[in-house]
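Encoded as structure tokens, the structure appears first; notes follow it.
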Amino acid sequence: MAKYDFKVSEKKWQDFWRDNHTYQFDPDSNKPIFSIDTPPPTVSGKLHLGHVFSYTQTEIIARYKRMAGNNVYYPFGMDDNGLPTEKLVEQELGIKGSEMDREDFISKCLAVVGEYHKKYRDLWQSLGFSVDWKLEYSTISPSVRKLTQENFIDLYQRGYIYRKKSPSLWCWNCQTSVAQAEVEDTPKESVFYDIPFKDAQNNQLIVATTRPELLPACVGMIVNPQDKRYAHLIGKEVTTPLGHKVKVYADDKAKIDKGTGIVMCCTYGDETDLEWKNKFNLEEKIIIDKHGRFIADCGLEALVGKTITEGRKSCVAWLREKKLISKEVPITHDVGCHERCGTPIEIVNTDQWFVKVLEFKKELLTLGNKIKWHPQSMKQRYNSWVENLKWDWCISRDRFYGIPIPVYYCQECGEIILPEKQQLPLDPLTFKIDKVCPKCNALGLKGENLVLDTWFTSGNSPELNVKLNQPLTKGKITIPMSLRPQAHDIIRTWTFYTIVLAYFKYQSIPWQDIAISGHILLRKGEKISKRTGGGQLRPEDQISLHSADAIRYAMCGASLGLDAYYDDNEIENGKKLINKLFNASNFCFMALQDYHNPSLKYEELLPIDSWLLAKSFDIANKMSTYLEKYDYSHSKAIFENFFWSIFCDNYLEIIKKRIYNLESNDPKKRSAQTALFYSLLNILKIASPFIPHITEDIYQSYYINTLPSAPLSIHLSSWPSEDSKNITMSLEKTDSVVSEIINIINLVRTQKSHDGMSLAKEVSNLQIFHPALKMADITPYLFDLQGTTKAENINIAIGKEISVALKYKA
RNA sequence: GGUCGCUUGGCUCAGUGGUAGAGCAUUCCAUUCACAUUGGAAAGGUCAGUGGUUCGAUCCCACUAGCGACCACCA
């Protein structure tokens, strides 16, 4: 018998599925629709094992749902614009978006992105994902651009989007504004500098700060209202080391026990400074520009033109020289940094566009409650994010490769002027619209140069699925979709933004269910990060080394939502299972050589055969219960136990004598064959969502020709289901006896093992002692029992406990 | 600081209000009739700690400790 060669077979069946459109969405089907809001991966380089982990878990669900009678809508998208993609292109081509014509840069981006589409698609296909590739979308495609710009205009006109010049989160390294969700706390080494200020009486007043370079931007001092040390200063003026006079204010946010208890408020050191500036109506002193450099009139000569880091050094040097630092204490503290580049986020006053979210917290929490979360505990992350929002969603980015904000300004009065919807998609930098300012009648219009946060597009993925590919879906996909699968790191971005946009556009939840997967870790505590991408372990290599089925198997061992390790052991187990399935099937087909005209009548089966078959349906039911809850791991575990332990180790051994020793027309043999024929089919079906290639291979080698009206692919067959009466009848009648029979067999095996005998050692007499079973009970199993134990004679007698005594043949 | 989750044999993890389970690792035994990517078996745990509820707690409750994550703080 030829060995199973996954390298040949996996490719063969992937091609087969593609050529036969096996997973194509059928808009004319009457089956209930199960629609999956697949995550469009960010095109930012290579896909890593983290992606494989999360997507495989969804893939299993898609396959199960299809077999369970649903019309599965399983599309694929690529999020191929925005900052990560831009950086990829800049790195790959050695160019800078900021140094070239925007249109030219974008066309270069599109070319690079096209190559990555293919790479991504190839990887997914090599894992055997049952995606309908005709339903692919890209977030930079013209139709998505149009839809996104329409949405922008729509939400702007309905008052959900506004433009404002205000201090916002800014990454000077990436030269763009960022949203709250893109800020990541990172521990940074720093130093607390004690700097003397002076009060009106010329008394020293020590202020501790980690950001001495912001001294020139100090516009106020804050103390805690309860702090007796400084109570006398509240409302008075103090003098900074630079000679500025600033007033002292009281606010609870100043902690008595932190630093020296007195804080300088600078525009802007952090978000609290912004709060205080607004609360006490302080002036704004901007000393750092958009590029993160100190401006010419920043107020301290030593800082001019320097970056923030250099500026801090120079400032400290300057202060030391003037003997204005009384103490330096090194500390490590968390600093909000840009998740993409690690640069500390600054607050810079710029014109940006925002989506209102702060005033809708209550509604957003209500919507979160209407969605079913799997696992449920993940909802808490969404809740705490919404509850703690501090900024409206900043959707504008000062970058190049993204969907342009479709807005024009009157050059005379600055009025905002929108294009017509039929003109979309457009780039206002190059596309001229022929409009007169409605306010001042001026003619000259200037296009907006900001582009949209890519989440503004991908956060609308349910609508993309509804509106794109209309000829293929015929409007059958609706909101809410059935399922959003994703990993837990993007709850505060993708989950949140999608709920926001679905609320504004549809006053609806975007999906019924959300299934949150965990992360795959390389070793304890070692994440596959956005920046490092899993080191040497490339999915492509792992697949060609171990097979797609084995990798898939290894990816679905951990419970939904839990992080897991990338474990060689699990891959080995997967390979063993594939091998076992192949070999067991070969045995079955050999046993079925003289089995023709399959038909299933329970009354024609021996008890153990109907038991096995009923058991296989029962297992399928149990798996189904788990899979309906997106619990692939328990489902896999009970499959494996059934197949390996019950089917292979016990049942196949039990029936061997009937297969080998009986004539073709013997009803006892035919009974075993019928059980084999149908239970192996069930086994292949229930394993197929997990290991689709090997199961298809086996199915195609036998069932396609023997099963009446066999579907073209095992993946188009239906999940095993049987009249529950047949299952319960067979199981109730025989379950306890069969488990006693298996017990007896195991006891004999143990005894032989204990006696140092081969399991094939012939036994002249097997004496069974059992508290309840009588000869009549075991008679239907006697033939099998003889075959399994190699016993010539078998007797049973009453005994306190179950036990066996063997008399070996000489 | 707040919230959520976790703590079970050497490792990775299931699990249940009624004498603890799996896989891997370890040790021993078997072998030619599907499979050495095999089969059989042994050894290995006071289920993190303390207290409570209960006839009975690994499971329910409270507290404590450790780990992880999310959120907040970050002068």
Side-chain angles (χ1 to χ4, degrees), chain A residues 1 3-4 185-188 190 192-195 207-212 214 218 221-223 253-255 258-266 269-273 276 331-336 344 375-390 488-489 491-492 518-519 521 524-525 527 550 557-559 561-565 567-570 572-591 633-634 637-638 640-641 644-645 648-649 652-653 656-657 659-661 745-746 748-761:
Chain A
M1 191 64 69
K3 281 231 162 194
Y4 175 67
D185 282 348
T186 316
K188 294 263 180 196
S190 187
F192 242 139
Y193 298 98
D194 278 5
I195 298 174
V207 177
T209 180
T210 55
R211 299 202 61 181
L214 293 179
C218 177
M221 305 301 293
I222 319 292
V223 297
K253 284 216 159 182
K255 296 276 176 275
K258 191 153 187 181
T260 55
I262 183 162
V263 191
M264 60 175 193
C265 171
C266 306
D270 62 25
E271 290 172 39
T272 324
D273 288 342
W276 284 330
I331 55 159
T332 304
H333 66 162
D334 282 339
V335 178
Q376 237 235 311
S377 58
M378 287 293 176
K379 185 166 76 181
Q380 192 49 42
R381 298 204 186 184
Y382 171 78
N383 286 348
S384 60
W385 179 252
V386 174
E387 282 160 8
N388 287 301
L389 283 167
K390 286 232 170 86
H488 58 54
D489 58 334
I491 290 175
R492 68 185 194 172
H519 280 149
L521 310 177
K524 200 145 195 130
K527 280 190 220 173
S559 293
L562 295 185
D563 292 347
Y565 303 115
D567 187 353
D568 286 337
N569 211 358
E570 277 299 295
E572 282 311 311
N573 287 344
K575 287 168 145 176
K576 285 180 187 176
L577 177 71
I578 291 160
N579 182 256
K580 189 82 173 172
L581 196 56
F582 184 75
N583 284 311
S585 300
N586 279 339
F587 169 78
C588 293
F589 300 149
M590 184 271 297
S633 60
H634 283 90
I638 58 177
E640 215 176 345
N641 176 262
W644 206 298
S645 165
C648 292
D649 293 345
L652 291 187
E653 294 305 322
K656 269 184 181 168
K657 189 177 178 193
I659 296 299
Y660 288 127
N661 296 11
I745 292 169
N746 284 334
V748 173
R749 284 172 174 170
T750 309
Q751 188 61 47
K752 285 185 177 176
S753 172
H754 184 261
D755 294 341
M757 296 291 177
S758 138
L759 295 185
K761 176 73 183 173

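Note that the coordinates shown come from a computational prediction; the quantities given were computed from them, not determined experimentally. Every chain is numbered from 1 and lettered A, B, ... according to where its sequence line falls, protein lines coming before strand lines.
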Looking for any heavy atom pair under 4.0 Å, which part of the strands does [X] touch: base, sugar-phosphate only, or nothing?
| X | answer |
| --- | --- |
| A:N573 | sugar-phosphate |
| A:H754 | nothing |
| A:K752 | nothing |
| A:T272 | sugar-phosphate |
| A:M590 | sugar-phosphate |
| A:R211 | nothing |
| A:F589 | nothing |
| A:K656 | base |
| A:N383 | nothing |
| A:A584 | base |
| A:L562 | sugar-phosphate |
| A:S559 | sugar-phosphate |
| A:K188 | nothing |
| A:C648 | base |

Check: A:K656 and A:F587 side chains under 4.5 Å, non-hydrogen atoms: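 A:F587 reaches A:K656 side chain to side chain.
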
Measuring from A:N586:CG to A:L581:CG, what's the distance to the nearest 0.5 Å?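 Atom-to-atom, A:N586:CG and A:L581:CG are 10.0 Å apart.
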
Rounded distance in Å between the C1' positions of B:C59 and B:U46: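 That atom pair is separated by 16 Å.
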
Distance check needed: B:C24 P versus A:N641 CG, whole Å only.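 Spelled out: CG on A:N641 to P on B:C24 is 13 Å.
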
Between B:A25 (P) and A:E570 (CD): distance, integer Å: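 Spelled out: CD on A:E570 to P on B:A25 is 12 Å.
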
N/O (side chain, A:W644) to phosphate O (OP1/OP2, B:A22) under 4.0 Å: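 No, A:W644 has no side-chain N/O under 4.0 Å of OP1/OP2 on B:A22.
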
Side-chain N or O of A:R492 closer than 4.0 Å to phosphate OP1/OP2 of B:C70: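 Answer is no, no contact under 4.0 Å.
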
Of the candidate nucleotides [options], which contains the atom at the shortest distance from the side chain of [X]?
| X | options | answer |
| --- | --- | --- |
| A:H634 | B:G15, B:U12, B:C73 | B:G15 |
| A:R381 | B:G5, B:U12, B:C70 | B:C70 |
| A:E653 | B:A14, B:U38, B:C35 | B:C35 |
| A:N569 | B:C13, B:G39, B:C24 | B:C24 |
| A:K580 | B:C35, B:A41, B:U37 | B:C35 |
| A:S384 | B:C35, B:U37, B:C71 | B:C71 |

Using the closest heavy atom to pick a nucleotide of RNA chain B for each, name whichever of A:L577 or A:R749 lands nearer the 5' end.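 Counting from the 5' end, the first nearest nucleotide belongs to A:L577.
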
Using the side-chain contact (heavy atoms from CB on, under 4.5 Å) criterion, which residues pair with A:R381? Sequence neighbours excluded.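 side-chain contact (heavy atoms from CB on, under 4.5 Å) list for A:R381, sorted by chain: A:M378, A:H488, A:I491.
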
Where RNA chain B forms stems, i.e. three or more consecutive Watson-Crick or G-U pairs with both distances under 3.5 Å: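 Paired runs of 3+ in RNA chain B: B:1-7 with B:65-71, B:10-13 with B:21-24, B:26-30 with B:38-42, B:48-52 with B:60-64.
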
Closest heavy-atom pair and its distance - A:V207, A:M264: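 Minimum heavy-atom separation between A:V207 and A:M264: CG1-N, 4.2 Å.
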
Counting N and O atoms only, with roles assigned by atom type, does the side chain of A:S753 sit under 3.5 Å from a partner on the main chain of A:R749, one being a donor and the other an acceptor?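 No: the side chain of A:S753 does not pair with the backbone of A:R749.
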
